*Asks:* 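My questions all concern the structure below.
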Amino acid sequence: MTADDSYGRLDDDYPAYTMGRAAEVLGTTQGFLRSIGEARLITPLRSAGGHRRDSRYQLRIAARARELVDHGTPIEAACRIVILEDQLEEAQRINAEYRRATESANRTSPA
């Protein structure tokens with residue numbers, strides 16, 4: 001694999017970060033990452049050797065949870081809030097797609 005080929009693997013869902021590196025990037029502890037994993041906010045993948053690996057998407061989710069916890073929200077509540085925010089964002093994305101499809105269909109159908 002060339003360096004150019006490897007960039008395609010570094011999408012938001014590619015599990016590229018070790019627990020130590022993820023904690024360092026987020027400015028948090030490995031214990032915090034374990035706790036949000038136990039709360040099922042994120043489910044890291046495992047390497048062939050069994051080591052935890054997180055994706056950029058998971059790091060963004062963890063960062064949001066950390067932000068809420070830093071403002072005094074209990075970790076379980078922070079995880080639930082982040083899950084609900086993520087679900088809302090997905091629902092809004094789907095709604096916008098449906099809206100665009102409906103508008104497009106209305107423009108192309110004869111009046």
Side-chain angles (χ1 to χ4, degrees):
M1 175 184 306
T2 67
D4 290 335
D5 294 336
S6 65
Y7 289 122
R9 297 181 63 200
L10 292 175
D11 61 20
D12 278 356
D13 293 322
Y14 185 75
Y17 296 89
T18 64
M19 182 183 282
R21 181 67 179 137
E24 182 182 322
V25 167
L26 295 173
T28 190
T29 65
Q30 292 181 18
F32 175 77
L33 294 174
R34 281 189 205 93
S35 65
I36 63 172
E38 290 168 6
R40 296 192 176 129
L41 177 61
I42 59 174
T43 304
L45 294 174
R46 300 282 172 175
S47 69
H51 298 280
R52 174 189 174 121
R53 297 285 188 265
D54 293 299
S55 68
R56 285 191 268 190
Y57 172 75
Q58 289 169 322
L59 294 186
R60 282 196 301 274
I61 295 287
R64 176 65 178 133
R66 180 81 253 172
E67 178 184 344
L68 291 168
V69 169
D70 287 348
H71 285 93
T73 305
I75 195 158
E76 296 82 12
C79 290
R80 185 66 183 139
I81 289 167
V82 172
I83 289 167
L84 290 170
E85 287 175 342
D86 197 49
Q87 290 172 343
L88 176 60
E89 183 179 326
E90 178 67 7
Q92 289 172 331
R93 185 191 61 75
I94 291 168
N95 190 14
E97 285 177 14
Y98 285 143
R99 189 175 298 121
R100 282 190 296 276
T102 300
E103 290 170 357
S104 177
N106 288 340
R107 280 187 297 237
T108 60
S109 56

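Reckoned from all heavy atoms, side chains included, excluding hydrogens, waters and symmetry mates. The shown structure was predicted, so the numbers you read here are calculated from the model rather than taken from an experiment.
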*Asks:* Could you report the tightest heavy-atom contact between C79 and A39, atom names first, then the distance?
*Replies:* SG-CB, 3.7 Å

*Asks:* Taking the side chain as C-beta and beyond, is there a heavy-atom pair between L26 and F32 under 4.5 Å?
*Replies:*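 Sidechains of F32 and L26: no contact.
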
*Asks:* Before giving the answer on salt bridge (Lys or Arg N to Asp or Glu O under 4.0 Å), spell out for E103 and R100 the whole-Å C-alpha distance, their side-chain angles and the decisive distance to 0.1 Å.
*Replies:* CA-CA 5 Å; E103 290 170 357; R100 282 190 296 276; over 6 Å; no

*Asks:* Tell me, yes or no, whether the heavy-atom count around E89 atom CD, taken from other residues, nucleotides or ligands under 6.0 Å, exceeds 12.
*Replies:* no

*Asks:* Check whether T73 reaches the backbone of A77 with its side chain - one donor and one acceptor, N or O, closer than 3.5 Å.
*Replies:* no

*Asks:* Taking C-beta and beyond as the side chain, do R53 and T18 meet within less than 4.5 Å on heavy atoms?
*Replies:* yes

*Asks:* First locate atom CD1 of I42, then atom CG of L33, and finally report the distance between them rounded to the nearest 0.5 Å.
*Replies:*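 Spacing of CD1 (I42) from CG (L33) equals 6.0 Å.
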
*Asks:* Would you mind telling me which of E67, R66, R60 makes a side chain to side chain contact (heavy atoms under 4.5 Å, CB included) with R64?
*Replies:* E67

*Asks:* Show every salt bridge (Lys or Arg N to Asp or Glu O under 4.0 Å) that has at least one partner inside residues 22-42, sequence neighbours left out.
*Replies:*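 Sorted result for residues 22-42: R21-E24.
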
*Asks:* Do you reckon I61 sits in the same ILVMFWY cluster as Y14, going by side-chain contacts under 4.5 Å, direct or chained?
*Replies:* no

*Asks:* Would you kindly confirm whether L45 and I36 end up in one hydrophobic cluster when ILVMFWY residues are joined by side chain heavy atoms under 4.5 Å apart?
*Replies:* no

*Asks:* Applying side chain to side chain contact (heavy atoms under 4.5 Å, CB included) between E85 and each of I81, I83, L88, report the one that passes.
*Replies:*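 Answer after filtering I81, I83, L88: I81.
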
*Asks:* Taking salt bridge (Lys or Arg N to Asp or Glu O under 4.0 Å) as the cut-off, I'd like each qualifying pair that reaches into residues 73-84, sequence neighbours left out, listed once.
*Replies:* none

*Asks:* To the nearest 0.5 angstrom, please state how far the CG atom of D13 sits from the CG atom of D54.
*Replies:* 12.0 Å

*Asks:* Kindly compute the distance separating OG1 (T43) from CD (Q58), expressed to the nearest 0.5 Å.
*Replies:*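 It comes to 7.5 Å.
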
*Asks:* Shortest non-hydrogen contact from Y17 to S55?
*Replies:* CD1-C, 4.3 Å

*Asks:* Is the backbone of Y98 close enough, under 3.5 Å, to the side chain of T102 for a donor and an acceptor to pair up by distance?
*Replies:* yes

*Asks:* Is any side-chain heavy atom of R52 closer than 4.5 Å to one of R46?
*Replies:*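 Yes; the side chains approach each other to less than 4.5 Å.
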
